[in-house]
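See below for the structure under consideration.
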Number of protein chains: 2
Amino acid sequence: MPSPSPASTRAADGPWTIAEVAEEFGVTHRAVRHYEELGLIHPERRGTQRVYHRRDRTRLALILRGRRLGFPLDEIRTIIDLYDAPRGRRSQLEYVLAQIGERRDDLEQKRHDLDATLTELEDFESRCRADLAALG
Amino acid sequence: MPSPSPASTRAADGPWTIAEVAEEFGVTHRAVRHYEELGLIHPERRGTQRVYHRRDRTRLALILRGRRLGFPLDEIRTIIDLYDAPRGRRSQLEYVLAQIGERRDDLEQKRHDLDATLTELEDFESRCRADLAALG
DNA sequence: GCACTGCTTGACGTTGACGTAAACGTAAAG
DNA sequence: CTTTACGTTTACGTCAACGTCAAGCAGTGC
């Protein structure tokens, strides 16, 4: 019977070491530490060592996605911090909503650029395929 | 009668100076020259001065769009050079088509990331608006 | 006890994308 | 003919995002 062995060698759901998360996300441990230096993640400390939980992995995924979209790291920080910002008072909620608006405008600009680029590229591809077909 | 005055003070369609294109595209002349140093644009020279034509402006627009999407400049160069690459021989056409494929994969990955980010952000916005409504 | 392996903290190096300052040419305006 | 407004090259500076040592701590294996 499979007992919930707590000292399993491979941590599938438990906390992770820096090497494990770095490996899993395809970045170096140096990059992970850099994100921490800039305040994008806050892993637990057990003595001197960093311990990563599911929450840190979620943030890391958001960081890397933001990076793929070309956002600078400090902007990424403000975005993901937004999700944890206090929203108890009306003024706080209104601030968060304003920030969301700005971010959305930016993202929609990017989608505009992206769609235009893809359309042009696909047009060009069609022309190339036509040329290729014309060559016999 | 409006004659085709060639010495018009504002060039609406003629060639442009570096200051004009920089102004128009919202970048510095230093940036424009930087793009030239990296081989992304090749303005004409009239003596020592740079003269920009419609072709250069088209390229500049592509450069800035690529930059907004987070592409590095040398990658942007290979992309826009692709549009001018020779496609006479079959092998050349096949190379161009392969390059197009890579670029398209990259762009579609970005669209994936972009759509996911926008969806999450809009979900979050809805929740915030609900919270705000609940506050009276 | 000691080597080995993995993690930690500095601290300096690198690359990309420009910024900035110096020093000089040039052409129209006064 | 000098001033003013742009334009040019050359060269070093800067900032972000890490890379790359160097040197030390900490549990583990024998």
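What you are looking at is a predicted structure, and each value in this text was computed from that prediction instead of being measured. By convention in this document, chain letters (A, B, ...) are assigned in the order of the sequence lines, proteins followed by strands, and residues within each chain are numbered from 1.
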**OP:** With sequence neighbours excluded, give me every ring-ring contact (aromatic ring centres under 6.0 Å, His included) pair touching residues 90-116 of chain B.
**Re:** none
Subject >> Residue list, salt bridge (Lys or Arg N to Asp or Glu O under 4.0 Å) with D74(A), at least two apart or on another chain >> reply: none
Original post:
Sequence neighbours excluded, which residues qualify as salt bridge (Lys or Arg N to Asp or Glu O under 4.0 Å) partners of D84(B)?
Top reply: R55(B), R59(B)
Original post:
Looking at residues 27-35 of chain A, who's got a heavy atom less than 4.0 Å off DNA chain D?
Top reply: T28(A), R30(A), A31(A), H34(A), Y35(A)
Subject >> Selection: residues 40-53 of chain B, any non-hydrogen atom under 4.0 Å of DNA chain D >> reply: R45(B), T48(B), Q49(B), R50(B)
**OP:** Sequence neighbours left out, what passes ring pair (Phe, Tyr, Trp, His ring centres under 6.0 Å) with Y83(B)? Give chain and number order.
**Re:** F124(A)
Original post:
Which residues satisfy the side chain to side chain donor-acceptor pair (under 3.5 Å) test with T117(A), sequence neighbours excluded?
Top reply: R65(B)
**OP:** Taking side-chain contact (heavy atoms from CB on, under 4.5 Å) as the test, write out the residues that go with L135(A), two or more places apart.
**Re:** R90(B), L93(B)
Original post:
Going by an N to O cut-off under 4.0 Å, is there a salt bridge joining D106(A) and R103(A)?
Top reply: yes
**OP:** Evaluate the criterion side-chain contact (heavy atoms from CB on, under 4.5 Å) for residue pair D56(A) and V21(A); output intermediate values, then yes/no.
**Re:** CA-CA 9 Å; D56(A) 303 305; V21(A) 293; over 6 Å; no
Subject >> Outermost nucleotides of DNA chain C that come under 4.0 Å of a non-hydrogen atom of chain B >> reply: dA17(C) to dT20(C)
Which atom pairs, one a donor and one an acceptor, fall under 3.5 Å between side chains of residues 33-40 of chain A and the rest of the protein, sequence neighbours left out?
from, atom 1, to, atom 2, distance (Å)
Y35(A), OH, R67(A), NH1, 3.2
E36(A), OE1, R50(A), NE, 2.6
E36(A), OE2, R45(A), NH2, 3.2

Original post:
Does L97(B) belong to the same Ile/Leu/Val/Met/Phe/Trp/Tyr cluster as L121(A), with side-chain heavy atoms less than 4.5 Å apart forming each link?
Top reply: yes
**OP:** State whether the number of non-hydrogen atoms from other residues, nucleotides or ligands found under 6.0 Å of E23(B) atom CD is greater than 12.
**Re:** no
Subject >> Partner residues of R89(A) under the side chain to side chain donor-acceptor pair (under 3.5 Å) criterion, sequence neighbours left out >> reply: none
Subject >> Positions of residues 59-80 of chain A (non-hydrogen atom under 4.0 Å from DNA chain D), listed by number >> reply: R67(A), P72(A), L73(A)
